[in-house]
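Shown next, in structure tokens, is the structure this report addresses.
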Amino acid sequence: MACTSTCATTTTWSMSSLKLALPSLNTSSQPPPIRLSISSSSLPSSSSTRLSYSPFKPNPESIRSFVGLAPLNPLLSLNPQESSSFENCLTAIDNGSRITCMRHGRRVPKLNRPPDQRKALLRGLTTQLLKYGRIKTTRARASAMRKYVDKMITLAKEGSLHKRRQALSFIYEKQIVHALFAEVPERYGERNGGYTRIIRTLPRRGDNAPMAYIELV
């Protein structure tokens with residue numbers, strides 16, 4: 001079989017034709033065209049079509065900085081004079097809100113302190129609560145120290161020497177540990193957990209921090 005003749009077709013698309021379909025914009029310079037060339041050849045056994053796209057390639061030296069995500073007019077910013085900078089492309093709205101990342105699996109309340117100071121604060125609060133039976137502090141601190149107070153009472157209910165030494169390593173005052181191990185089995189012998197109670201009160205004067213009373217049941 002004889003081969004048929006090969007024909008090539010080239011179509012040129014310009015940005016001016018695309019601008020006519022858009023609302024009128026004030027532009028001083030005409031962007032360069034984007035050329036699309038389509039060449040097809042038909043053969044007796046098989047046929048293939050090849051599509052080639054040749055966009056405008058700006059000079060890399062002309063693009064000096066990039067401070068945004070996208071230009072305001074993406075169809076009209078192919079000119080190297082307009083692509084030199086993307087400043088003022090994004091509008092920032094400041095309404096006083098804070099954007100923070102979510103702490104997935106948050107188990108330790110930070111209390112705005114490093115680990116060593118946070119541990120010392122919780123030890124001091126636990127010692128004062130076991131000494132006086134009721135203290136006033138912020139709600140965040142009261143919720144954070146609750147599990148440590150319950151742990152000390154649980155150690156006192158078991159009453160072994162090892163548990164006493166564990167309580168001595170956490171509570172600051174030695175006399176409180178001995179009194180705790182002497183009174184807890186009789187006071188909380190029938191109770192399984194829930195040894196503290198948090199009562200909310202008025203905010204603190206000055207910084208308006210939420211306050212609460214935490215006491216032993």
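In this chain, numbering begins with 1 at the start of the sequence shown. Just so it is clear, the structure is predicted and the values come from calculations on it, not from any experiment.
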Salt bridge (charged side-chain N to carboxylate O under 4.0 Å, His left out) with Glu158: of Lys163, Arg164, Lys151, only one passes, and it is Lys163

Would a 4.5 Å heavy-atom cut-off, applied to side chains only, mark Tyr188 and Ile153 as touching?
yes

Stepwise salt bridge (Lys or Arg N to Asp or Glu O under 4.0 Å) test for Arg204 and Asp207:
CA-CA 6 Å; Arg204 182 166 55 193; Asp207 58 353; 2.8 Å; yes

Within this structure, what is the CZ-CZ distance for the pair Arg197 and Arg134, rounded to the nearest 0.5 Å?
9.0 Å

Using residues 138-149 as the side-chain source, report each donor-acceptor pair under 3.5 Å to any protein atom, sequence neighbours left out, with the distance given to one decimal.
unit_1, atom_1, unit_2, atom_2, d
Thr138, OG1, Arg141, N, 3.4
Arg139, NE, Met211, O, 3.3
Ser143, OG, Arg139, O, 3.0
Arg146, NE, Thr196, OG1, 3.0
Arg146, NH2, Thr196, O, 3.2

side-chain contact (heavy atoms from CB on, under 4.5 Å) between Leu111 and Leu122: does it pass, once the steps are laid out?
CA-CA 10 Å; Leu111 300 179; Leu122 294 175; 4.1 Å; yes

Under 4.5 Å between any side-chain heavy atoms of Arg103 and Lys110, yes or no?
yes

Thr126 vs Tyr172 side-chain heavy atoms within contact, under 4.5 Å
no

Tightest non-hydrogen contact, residues Gly193 and Arg191, listed as O-CG, 3.2 Å

What is the distance from atom CZ of Arg113 to atom CZ of Arg118, rounded to the nearest 0.5 Å?
10.0 Å

Closest non-hydrogen atom pair, Thr201 against Lys136
CG2-CE, 4.0 Å

Distance (rounded to the nearest 0.5 Å) between Leu216 CG and Arg187 CZ:
5.5 Å

To the closest 0.5 Å, what do you measure between CZ (Arg200) and CG (Leu202)?
13.0 Å

Any Val184 side-chain heavy atom under 4.5 Å of Thr154 side chain:
no

Between CG of Leu129 and NZ of Lys131, what distance do you get to the nearest 0.5 Å?
12.5 Å

State, with a plain yes or no, whether a side-chain heavy atom of Leu168 is found less than 4.5 Å away from one of Gln166.
no

Consider only side-chain heavy atoms of I, L, V, M, F, W and Y, link residues closer than 4.5 Å, and tell whether Tyr195 and Ile198 are in one cluster.
yes

On a heavy-atom basis, which atom in Ala167 and which in Phe181 lie closest, and how many Å separate them?
CB-CE1, 3.7 Å

Flag if over 12 foreign heavy atoms under 6.0 Å of CG, Asn112:
no

Is there a side-chain contact between Leu125 and Ile214, using heavy atoms and a 4.5 Å cut-off?
no

